[in-house]
Every structure is written in C-alpha cells, then in structure tokens.
Amino acid sequence: MVPVPRSLLEGDAPVVAPLLLNKLLAHGACVGRIVEVEAYRQDDPASHTFRGMTPRNAVMFGPPGHLYVYFTYGMHYCANVVTSPEGIGAAVLLRALEPVDGIELMRARRGDRVPLSDGPAKLCQALAIGPEHNGADVCLGRQVRLLDDGMPPPDEPLVGPRIGISRAVDVPWRFRVPPGQIRHDRR
DNA sequence: GGAACGATCTGC
DNA sequence: CAGATCGTTCCC
C-alpha cells in the first residue's frame with residue numbers, strides 16, 4: 001500500500017484518467033476503489049478551465065496531485081485530481097468508488113441510502129470530502145490520499161462520452177472498470 | 001445589478 | 001421527470 005507518485009498524475013488528462021482506475025481513494029478510515037473517472041482538459045469546452053483561470057478553478061492551474069473540489073447545483077460537492085503542470089488547467093473527475101473500508105461510516109454519512117458512492121457527489125458525501133479539501137495534496141498522505149495496493153488498471157477499460165455536460169458531449173473521455181472486474185477488497 | 005446555468009441526486 | 005438550492009459566470 002503506497003502513495004500514488006505525483007509523476008504518474010502529471011500528463012495529458014485523457015491519458016492519465018484510465019491509469020487512476022483501481023487506485024484507492026482514502027480519507028480517514030474510509031477507503032474506496034476508483035472505478036469510474038472522466039478527463040477534463042483546458043482546451044476542452046466542457047472543462048471549468050476552458051475560459052481561463054478564475055477564483056473557483058485556480059487549483060486546476062496549480063501543480064498536479066492536488067484535489068479540485070467544486071460546489072454545484074446549490075448542494076453537491078465533486079472532486080477532481082489535477083493532472084496538468086502548473087499554469088495549465090486539467091483534471092480527472094472522480095465519478096465512482098467501490099467501497100472497500102469504513103463502509104459503516106460511509107453508509108451513515110449517506111443517510112443509510114444506497115448505493116454509497118456510485119456518483120461524483122455521492123462519493124464526496126460518503127468520504128466527507130468538502131470545500132476544506134480544495135487544494136489538498138493527495139500524494140502526501142495527509143487527509144485525502146490516493147493509494148496503490150498493487151491492483152493494476154484494467155487492460156481494457158470501458159470508454160464512452162462524459163455524463164451531465166452540455167458541450168463536447170461526444171468526446172469519449174469517460175473511463176470505467178468493466179463490471180465483473182470490480183474488486184471490493186484490498187490486496 | 002441581474003439572470004441563467006450547472007462535471008448532481010432524490011423521490012414521485 | 002421535476003424540484004432542491006446557491007455559487008459562479010456572463011451580460012447589460
């Protein structure tokens with residue numbers, strides 16, 4: 001069980017995104033395996049950074065390996081991992097986790113609703129990721145951390161268009177672990 | 001200053 | 001399928 005090195009995260013978002021599949025996202029005692037992600041690049045009309053840097057998206061223009069947490073629809077938080085070098089704004093949205101550890105706590109935070117973490121806002125709620133984690137370094141193993149337990153990314157991830165956007169709707173930058181290959185335990 | 005719109009989720 | 005609910009962005 002080792003931290004994901006920053007060098008793995010710095011690169012073209014649609015290339016890095018599938019590499020995050022099967023990595024672990026941890027916060028305190030709660031751990032989930034990343035099973036669905038989406039890539040967002042600066043030259044991408046669907047990206048928050050498409051029109052340049054603003055106070056909200058500033059973290060995406062910072063160094064790779066930091067969490068970009070944004071508030072949306074007046075009630076939800078979503079989390080991304082920054083994948084671009086400083087000065088460029090790109091990130092990978094974490095869309096779904098398979099719960100691994102701390103499931104009882106995740107269930108309680110979700111108000112006993114199931115599933116626990118199969119959406120970008122649900123996984124933030126289950127792991128108690130919020131605005132206080134915007135900018136957090138997931139490679140340093142402090143609060144929210146990105147870990148590798150030796151489970152490699154899938155050889156052939158499912159690929160398709162991104163969900164819930166209104167621009168660049170056909171760009172196939174959504175990546176999933178195929179059903180049947182999802183592991184709910186740790187190595 | 002104001003209006004429109006979300007990288008969503010839930011319950012009907 | 002519509003409502004919740006409010007920060008961000010953009011236009012005047």
Side-chain angles (χ1 to χ4, degrees), chain A residues 9-21 23 25 27 30 32-84 88-99 103 105-136 138 144 146 153 157-177:
Chain A
L9 301 174
E10 179 167 355
D12 196 24
V15 174
V16 174
L19 302 180
L20 291 184
L21 295 175
K23 296 292 184 288
L25 186 70
H27 184 206
C30 295
R33 190 176 298 283
I34 298 171
V35 295
E36 182 177 344
V37 296
E38 285 176 357
Y40 289 89
R41 234 164 52 171
Q42 190 172 350
D43 63 352
D44 162 20
S47 174
H48 289 173
T49 54
F50 184 61
R51 293 165 198 275
M53 187 162 70
T54 67
R56 174 172 76 150
N57 66 25
V59 170
M60 281 182 72
F61 288 88
H66 291 252
L67 217 54
Y68 166 53
V69 179
Y70 68 91
F71 181 64
T72 191
Y73 289 102
M75 60 186 81
H76 299 300
Y77 292 97
C78 298
N80 300 250
V81 175
V82 176
T83 62
S84 45
I88 298 177
V92 172
L93 172 69
L94 304 177
R95 280 202 67 90
L97 302 179
E98 183 65 20
I103 296 178
L105 181 51
M106 294 169 76
R107 199 196 315 276
R109 287 178 177 145
R110 286 273 303 136
D112 286 322
R113 284 180 299 258
V114 289
L116 297 181
S117 53
D118 67 342
K122 292 185 211 175
L123 74 86
C124 282
Q125 188 180 20
L127 265 61
I129 294 173
E132 67 272 27
H133 301 108
N134 190 38
V138 295
V144 181
L146 201 53
L158 299 183
V159 183
R162 296 169 294 181
I163 303 291
I165 56 174
S166 57
R167 291 166 297 203
V169 294
D170 293 326
V171 175
W173 286 351
R174 176 176 176 238
F175 305 91
R176 298 172 54 199
V177 177

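Just the heavy atoms: all of them, side chains too, but no hydrogens, waters or symmetry mates, feed the values below.
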With a 4.5 Å cut-off on side-chain heavy atoms, are L25(A) and V144(A) touching?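 Side-chain contact under 4.5 Å: yes.
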
Could you check if a side-chain atom of V35(A) sits within less than 4.5 angstrom of a side-chain atom of L21(A), using non-hydrogen atoms only?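 A side-chain contact under 4.5 Å is absent here.
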
All pairs passing salt bridge (charged side-chain N to carboxylate O under 4.0 Å, His left out) where residues 157-171 of chain A contributes a residue, at least two apart: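 For residues 157-171 of chain A, and leaving out neighbouring residues, the salt bridge (charged side-chain N to carboxylate O under 4.0 Å, His left out) pairs sorted by first residue read D44(A)-R162(A).
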
Those residues that, when tested against V159(A), pass side-chain contact (heavy atoms from CB on, under 4.5 Å) (two or more places apart):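 Residues passing side-chain contact (heavy atoms from CB on, under 4.5 Å) with V159(A): P172(A), F175(A).
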
For A91(A), all residues meeting side-chain contact (heavy atoms from CB on, under 4.5 Å), sequence neighbours excluded: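 Partners of A91(A) under the side-chain contact (heavy atoms from CB on, under 4.5 Å) test: M60(A), N80(A).
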
Which residues share a side chain to side chain donor-acceptor pair (under 3.5 Å) with [X], sequence neighbours left out:
| X | result |
| --- | --- |
| D43(A) | R41(A) |
| R56(A) | none |
| S47(A) | T49(A) |

What string of B, S and - do you get for nucleotides 3-12 of chain B, 5' to 3', if B is base contact, S is sugar-phosphate-only contact and - is no contact with any protein heavy atom under 4.0 Å? ---BBBSS--

Secondary-structure stems for DNA chain B, with pairs counted as Watson-Crick or G-U when both distances are under 3.5 Å and runs at least 3 long: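 In DNA chain B, stems of three or more pairs: B:1-6 with C:6-11, B:8-11 with C:1-4.
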
Rounded to the nearest 0.5 Å, how far does OG1 of T83(A) lie from CG of L19(A)?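 Between L19(A) CG and T83(A) OG1, I get 10.5 Å after rounding to 0.5 Å.
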
Could you check which residues of residues 9-18 of chain A get a heavy atom under 4.0 Å from DNA chain B? Sort them by number, please.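 Output list: empty, so none.
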
Once side-chain hydrogen bond (donor to acceptor under 3.5 Å, both in side chains) is applied, what residue pairs with a partner in residues 61-73 of chain A remain, sequence neighbours excluded?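 Pairs touching residues 61-73 of chain A that pass the test: H48(A)-Y68(A).
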
Under 3.5 Å, which donor-acceptor pairs link side chains of residues 113-129 of chain A to any protein atom two or more places apart or in another chain?
from    : atom 1 : to      : atom 2 : distance (Å)
R113(A) : NE     : R110(A) : O      : 3.3
R113(A) : NH2    : R110(A) : O      : 3.4
S117(A) : OG     : L97(A)  : O      : 2.8
D118(A) : OD1    : K122(A) : NZ     : 2.7
Q125(A) : OE1    : R110(A) : NH1    : 2.8
Q125(A) : NE2    : R109(A) : O      : 3.3

Does the E38(A) side chain pair with the main chain of I163(A), one donor and one acceptor, at a distance under 3.5 Å?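 Flag set: sc E38(A) to bb I163(A) pair under 3.5 Å.
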
Boundaries of the DNA chain C segment in contact with chain A, non-hydrogen, under 4.0 Å: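 Both ends considered, the range comes out as dA4(C) to dC10(C).
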
